[in-house]
Structure formats: C-alpha cells, structure tokens
Amino acid sequence: MKKSHVRLVARMAALALILSFSSWSQSEQNAVPGEYVVQMSQPEFKVRGFEVIEAIHADLFLVRDTLARSSGAAIARLKEEHGVQIAEPNLIYRTSAVPNDPDYSALWGLKNKGDADSAGQQGLSGVDVGAERAWDLSTGSRSVLVAVIDTGVDFSHPDLAPQAWTNDRELNGKPGVDDDGNGLVDDINGYNFANSKGDSTDDNGHGSHCAGTIGAKGNDGKGLVGVNWDVRIMAVKFLDKSGSGTLANAVKSIDYARTMGANIMSNSWGGGSYSAVLENAIKESSKAGILFTAAAGNDANDNDARASYPATYNVENIISVAAIDNRGQLANFSNYGAKTVHVAAPGVNIVSTVPGGYASYSGTSMATPHVTGVAALMLARNPSLTFADIKSILMKQSRPLYTLHGRVASGGVADAYYAMSGDTPPSDPNDPTTLSKVFAYQLATAHPYKENTKIEETIRVPGATKMAIRFSRFDTELAYDAVSFYTSDGTYLGSISGKQTGLVTSPLIHGDTVILKFASDESLNSYGFDVDGVLYE
Ligand code: CA
C-alpha cells in the first residue's frame, strides 16, 4: 500500500494550517452548541424549552436551548412556532490569515519595485495597488471613517494611534456610563462585542494588521505607511483572542458600524454556512450606503461553485477580494470566482502593524484591507462617490493581470491610481498569451506521474526575446506537486500546481531560455502535464 491513513491525516492537518483559518476542518466547531439566532415577526420571543440570552434587535434574539436537543431538532422546533421567521445556529466565523516570519523592509503591496518579499520571493515590478502614484492625487482624509470588523485594533501602536475614530460623547463622558445612549457603555473607539465591553483593543494581532494596511499613519517619519496616510478607523471587535467569533456578535458589529456612521466596513473573516440573519444585516448596511469589503476566503476554492460567506452573499455593496503574490500570481490558498469574486489585491507576505510591532501575514484577509484602503482613498478625494460608484470604478479601473483572467470578475488587481485618475489601465506587460509564434516542443510526465518524480529541463528558443511554455494538459496535486520556472541564472519566475483549465502557460520569460523543474512528493499523484509548445516572439 502506498500510503497510510496516518500520513493522510498528517497532510490534511498541515493543509489546514497553511491554507485556511476561514473554513472548517472537521475538528473545529462551526456553531456555539445550544445557541440559536431567531428572527421574529414581533418584538417578543417566547418558545417553551428556549431562553433568551439577549435581544440583538427588538425582533432578533440570541436564544439557548434548555433541553439539549440536536441542532436540527431545535431548529425544527423553533420553525414550527408562530412568529419565527428565521432560526439559525449561532455560527462561528474566523479570521482569514496566516502568520509567518516578519520582515520590516518590503511593503510590496503598495509599491513593488521587484525586490524580494519577506519570504525572499523576488517580486515583479508594478504588481501592487498603485499607491505611490495615487498619493499625488490623495493621501487620504480624516473625513473617511472605516470600520475594521475584526479582532480589535491596538490604538496604542504609534502607527495607529493617530487614526483612531473617537465617539466624543463617550470620550468626554463618564466612565461606566452610556453617555450617548446607544446601549453600549464606554464605546470610545468602537466596541468589543467578543467580550461585551467598551475596550476594543486587539488581543490577537489580525485586526491591527488589517488596520495598518488600510491606514498606518504616513509621513510621520516612523514605522510603516498604509494605503491611506490619514483616515479614521473604528475598531469593532467580535473575533476573540483566538480569532473566532459568533454570528450574533457579527450582526451586532455590522449594526454598530452602520448606526455609528462608518463609510466602509472591512471584513477579513468568514466561514460557516449561509445565514439569512447575516445577509440581512449586510443588506441594511447596503441600504445605508456603506461599502462592505470581504475576504474571498483561503480554501483555494471556486466561490462560483461553492459559496464562501460573507463574501459571496448577493448584496450589491459587497466587494469580494482574492489574494495575489508579489509576482501577480493568484495565491495558492486564495479563493476565486469569475462571477462572485470581484477583484484581487496583494495578500502574500504582507508586512503591517501588530500590537508591539510589525509582522508579515498572508491571506485574503490581507488583500481585503488593501481594497478597503483604495476605496477610502477614492472617497477622500471625492466624497460624493456612492458605494456603487466605488465598486464599479474599482473593477473597471483595476489593472489587468493575465493570471486573473477568468478568476475574478474584473480580471485585475485593485489600483488606487487608475481608480482616481481615470486614466486607462495598461494591459498586462507580462501576458504570455499575447506571444504570437509557436516553437514546437514536447515534454510530458508519466500519466499519472510517479511519486518523487524530479524533472529538470532547460528549454531554449533561438532568437526569442520573450517566451512562455504552453501546456495542453495540466493536473497535479495543489501546492505539493508543482512545476516551477527559473531563468538561466536561477532566478525564480513562478510556479503552477493543481488542476488547470483553459490556456495554461508558464509566466512570460524575457530572453531565449527557461528552466522548468517538476517535483512530486510521495503521495497523491494526478495526471501530470503535457507541454505542446513554446510561445515566443
Ligand atoms: Ca455608548
């Protein structure tokens, strides 16, 4: 037998760590046991065998089953009751990021000069959100209010302190008193729904990292800079120290940001099944004219085929965001969707602020605040833009990347400069599909390929100035069995793995030579690949 059960379990555990904090592995709880969120048609909940934990709104209740029924039985019982419109488990959401080793040098998402990122991967110049050019048009404004709905924000961090939104009636009021009468005590910079208190500082790091990408204070001679040099950030915390939070608290967070006047809500979290209650809360934010950015998710999944919430709710104020690396490739963990994912943004090895310093994280969690930041910058420059304007401009003026064709609806990466200037974004200078000549070349793995296969092939097309290897078929184990491409001097150019469809090519190579390397590990072998030629000019 080729592989043991133990081996497979070990691999799955590793995958869960590498790829996703946003979705469920079997061992994770996806709802709070015994708790349900119930939408009533009247402002009252009375069902025998259930007790109210709290009223989220007048007619929306968090309740507990006192009879320890299964989730299915409890929901069936609730739905029998007159006046119950929706009954759902109190779902658990999680952050969509993966921490890794810090490096303080490279903010490639804002300005990619082709340098290495914090993990040492050489970048591709220009693959960024165009922030540096955009700063000639706007550097942001304190008039724009962004709610970071997450694990909280550390406003004692020197890069974030100047950006805090303050609820002045609470700031100038009495400690322990609900001075503004919104039902929450001491909500000075936001609110902590995870722990039911006014102090919404960050005990995880994720929310502060997102906040720093949106708006670490710029031009102050210290630390990092965000997409916005100036912005107001409201810290709405519902994800706890471990990075997870409930449906009930997600709804309260969205409602809070809406009623307290946010212009944009930034949402780097997800998971769980469909929730009508959560969808309704987002619809209310849409009616209030607020943009809702959402992480597409880290499951390497096609959201068109299998929805990822909240990013995939069909509500018009949602912008769903995929992640790319510093060479413009879709991150190997990133969800995608030609219809339901709108735009891509930098999300691999992103350096930003965390409590006590700086750190590098990866995830669609990190891509989302780049888009939030671009939207905030657009709003700073032109406060009359509606969320519909911002969404359509962001998509239309995104900078095309061939890697995103058929993967996100806009086919491009969000770009602050083109979104604000109105200049036409250039076509992708690294698009291999524009190469018109074909050099006959054949190379194939065994079908299926064998474990521990190693192929290294130097391919030269005499006279070529640009080239790209073309595959007629490509199907390998995602992330583990990859084909990588290098220049003749050994510079890494990119890699492909997984099941690919459509026109499959290597990245574009400048010059007449490329080195192809394929390595498979000891299990889970697929078809492999067939090279049927080299595109060049
Ligand atoms: Ca209050």
Side-chain angles (χ1 to χ4, degrees), residues 37 39 43-45 52-63 90 93 142-157 160-204 206-208 210-211 214-215 231-241 245-267 269 277-278 280-292 355 372 376:
V37 178
Q39 175 73 57
E44 184 185 37
F45 177 91
V52 173
I53 299 170
E54 63 177 327
I56 299 169
H57 305 152
D59 54 3
L60 184 67
F61 298 89
L62 177 63
V63 306
N90 192 16
Y93 301 101
R142 293 281 294 165
S143 68
V144 178
L145 176 54
V146 177
V148 175
I149 300 179
D150 209 287
T151 61
V153 176
D154 176 19
F155 286 127
S156 70
H157 197 295
L160 299 174
Q163 314 295 42
W165 166 79
T166 51
N167 181 357
D168 291 336
R169 288 172 65 188
E170 289 288 351
L171 179 68
N172 303 319
K174 294 195 179 85
V177 173
D178 177 15
D179 303 287
D180 63 351
N182 67 354
L184 301 170
V185 173
D186 297 342
D187 50 322
I188 293 171
N189 302 127
Y191 195 76
N192 180 342
F193 292 100
N195 305 103
S196 302
K197 59 181 184 179
D199 180 0
S200 57
T201 200
D202 187 3
D203 50 7
N204 174 284
H206 186 269
S208 300
C210 293
I214 295 164
V231 65
R232 273 184 307 159
I233 292 173
M234 178 193 287
V236 188
K237 176 175 172 65
F238 87 100
L239 300 169
D240 63 15
K241 192 174 182 176
T246 65
L247 169 61
N249 289 334
V251 168
K252 285 188 273 182
S253 295
I254 293 166
D255 290 349
Y256 179 85
R258 172 173 56 80
T259 55
M260 298 308 281
N263 302 112
I264 305 169
M265 300 184 195
S266 194
N267 299 278
W269 50 273
V277 167
L278 185 63
N280 285 343
I282 299 169
K283 280 180 179 166
E284 288 302 313
S285 74
S286 188
K287 279 185 209 159
I290 303 162
L291 184 69
F292 189 100
T372 304

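Heads up: numbering here begins at 1 and tracks the sequence. Each ligand, and each atom within it, is numbered from 1 in the order the structure gives. We use all heavy atoms of the structure for the numbers below, so side chains are in, but hydrogens, waters and symmetry mates are not. If you're wondering where the values come from, they're calculated on a predicted model, not measured in any experiment.
Contact check for Asp186 versus Lys197: no side-chain heavy atoms found under the 4.5 Å cut-off. In this structure, Leu247 and Tyr93 have side chains that are in contact, with non-hydrogen atoms separated by less than 4.5 Å. Between Leu62 and Lys252, the closest side-chain pair of non-hydrogen atoms is not below 4.5 Å.
Here the CG-CD distance, from Leu184 to Glu170, works out to 8.0 Å after rounding to the nearest 0.5 Å.
Screening residues 163-186 for ring-ring contact (aromatic ring centres under 6.0 Å, His included), with sequence neighbours left out, gives no hits.
Protein atoms that are N, O or S and lie under 3.0 Å from the Ca ion (ligand 1) are these: Glu170 OE2, Asp178 OD1, Asp180 OD1, Asn182 OD1, Leu184 O, Asp187 OD1.
The minimum heavy-atom distance between Ser208 and Asp154, with the atom names listed, is OG-N, 3.0 Å.
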